[in-house]
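Scroll down for the structure; my scribbles are underneath it.
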Amino acid sequence: MENKVQLKINNLRKRFGTEVVLDGINLTVNKGEVVVVLGPSGCGKSTLLRCMNGLEAISEGEILLDGEKITAGSKEITKLRQKIGMVFQSYDLFPHKNILDNVTLAPIKVQKIPRKEAEERAEKLLRRVGLWKKRKAFPRELSGGQKQRAAIVRALCMNPEVMLFDEVTAALDPQMVREVLNVMLELAEGGMTMVIVTHEMQFARAVADKIIFLEKGKITEEAEPEEFFTNPKTETAKEFLQSFVYEKHKIQ
Amino acid sequence: MQDSGINVLFMGSNFLRLLEGLCVTLRISLISVILSIPLGIFFGIFMTLKNPFSKAISRIYLEFIRIMPQLVLLFIAYFGVTRAFGWSLSADVSATVVFVLWGTAEMGDLVRGALISIPKNQYDSAFALGMTKAQTFIHIVVPQTFRRLIPLTINLTTRMIKTTSLVVLIGITEVLKVGKQIIDANRFEYPSAALWVYGVIFLLYFLACWPISVMAKKLEKRWG
Ligand SMILES: Nc1ncnc2c1ncn2[C@@H]1O[C@H](COP(=O)(O)OP(=O)(O)OP(=O)(O)O)[C@@H](O)[C@H]1O
Ligand SMILES: [Mg+2]
């Protein structure tokens, strides 16, 4: 596989006021690579993702997509964002539009492609995630899992080069987690470049080409999944992984 | 002779006069509503600006209008302004000015409420799809705000229609005043006229406001 660099982060620093939230992040994501970002709550995972598509302004360093610099609030940002799809924990579909309109809005208004073409694109994707029958439904009429699959399709309908996922299953009932993760696994197999924040360890292990462990805004480990899950190097990562293991006799 | 106050309604042009009185009320409210809505939209957007100066100004304006009873505002506009500046505003104009000032404040607050109730995530989702601020405003913010506002605006309209009856106190001949005149003119012949006249006025108000409020409920259910 060729190693074309898709996304490159150089020495990224992000402050909220005086609080340093991301502290010297260096990361390269190759085309077709799936990077999973793990770390304890508040370590800066969401912020890192939001910086990647310019939803947060960065304080220092640079983020390059295909060699083009991502700057929040710049003129080019809307162009660049079309290449980066993002899915959030709370789905955030547009409540006043049905599923089909949710999905085709941006292709029609932002990419200015004809409605018919947008709907063809949408049909293909909605069928793939089993939501074509629901295209006329409004978001409030769908289950959490269906909403999240629709939100993924909404992002995919822009034909992005990179997809960012921020804990997209964290708000779902357990039986709906699977249907969403399956869609993501399928995407990964299809060669989509993805950066995923998740608390589903099994899934992370299965889907990732590379695991990033964030601790207080710093990357403290970067490893292949097998390596990370069997042999984490830092204490925090060990503890973090241990927190997902339940052993009866250890609870007092 | 038996007192059948109901006759009063059909004597001469009494009923017509009541209707005319209602028209005066409705005209003042209608003009005020029509002016208040666009002004309120601007005021509402103005209130959401982050600028501390605009925030203070709008806060003071809103609180002032809310704290002052409409009656006091009416008196200030009608008697006070004439005294203070020597302008003599007609009763109609002062009433309209007061109701527009009031309507703009209330409408503005509704617009502000609808705007800030749109979650930040809606903006983020739109931006993440590559939409510009203008596109986000047009396709995401406006339609959602609009749906929330329609029933609220209709409610405000009915409130304004009802409150307009206060203008009787600055001498405008509207429905309540006509009613009072009819009652007074027939005080001795038909002592129960009051009951009938006020009953009809009640009915007229009801007929004016009821369809509006039914519509508001319907829209609220559809879009709520
Ligand atoms: N808009 C903001 N303003 C100020 N501080 C913020 C803001 N957003 C995030 N933070 C702070 O930045 C830090 C990192 O937040 P972030 O949401 O990126 O963490 P996270 O790793 O995604 O956590 P979680 O797993 O709970 O989602 C936290 O300390 C948080 O309080
Ligand atoms: Mg987060």
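Here is how names work: the chains are called A, B, and so on, in the same order as the sequence lines, proteins then strands, and each is numbered from 1. FYI, side chains are in, hydrogens and waters are out, and symmetry mates aren't considered; it's all heavy atoms of this structure. Since we're looking at a predicted model, the values are computed, not measured.
Looking only at distances, no side-chain donor or acceptor of B:Gln144 sits under 3.5 Å from a matching main-chain atom of A:His96. Formation of a donor-acceptor pair under 3.5 Å by the A:Gln82 side chain with backbone atoms of B:Ala128 is not found in this model.
With a 4.5 angstrom heavy-atom cutoff, A:Ile84 touches chain B only via backbone atoms. Only the side chain of B:Gln135 comes within less than 4.5 Å of a heavy atom in chain A; its backbone stays farther off. Heavy atoms closer than 4.5 Å to chain B are found nowhere in A:Lys83, neither backbone nor side chain. In this structure, the portions of A:Arg154 lying under 4.5 Å from any heavy atom of chain B include both its backbone and its side chain.
Closest heavy-atom contact between B:Ser125 and A:Asp92: OG-CB, 3.0 Å. Nearest heavy-atom pair across B:Asn121 and A:Ser90 is ND2-OG, 3.1 Å.
Counting heavy-atom pairs closer than 4.5 Å to chain B, the top residue among A:Val87, A:Leu93, A:Leu55 is A:Leu55. For the set B:Gln122, B:Lys133, B:Met131, the entry with the most heavy-atom pairs within less than 4.5 Å of chain A is B:Gln122. Contact count against chain B (heavy-atom pairs under 4.5 Å) is highest for A:Lys109 among A:Lys97, A:Gln111, A:Lys109, A:Met158.
Looking at heavy atoms from C-beta onward, A:Phe94 lies in side-chain contact with B:Leu129 at the 4.5 angstrom threshold. Counting only heavy atoms from C-beta outward, the side chains of A:Leu105 and B:Ile140 approach each other to under 4.5 Å. Contact annotation: the side chain of A:Arg50 approaches that of B:Asp124 to within less than 4.5 Å [non-hydrogen atoms, C-beta and beyond].
With rounding to the nearest 0.5 Å, the separation of CZ in B:Phe127 from CD1 in A:Ile77 is 11.5 Å.
B:Lys180 NZ: 12 or fewer foreign heavy atoms inside a 6.0 Å radius. When the shell of 6.0 Å around CH2 of B:Trp102 is examined, it contains more than 12 heavy atoms from other residues, nucleotides or ligands. More than 12 heavy atoms of other residues, nucleotides or ligands lie within 6.0 Å of CZ in A:Phe16, so this atom counts as buried by the packing criterion.
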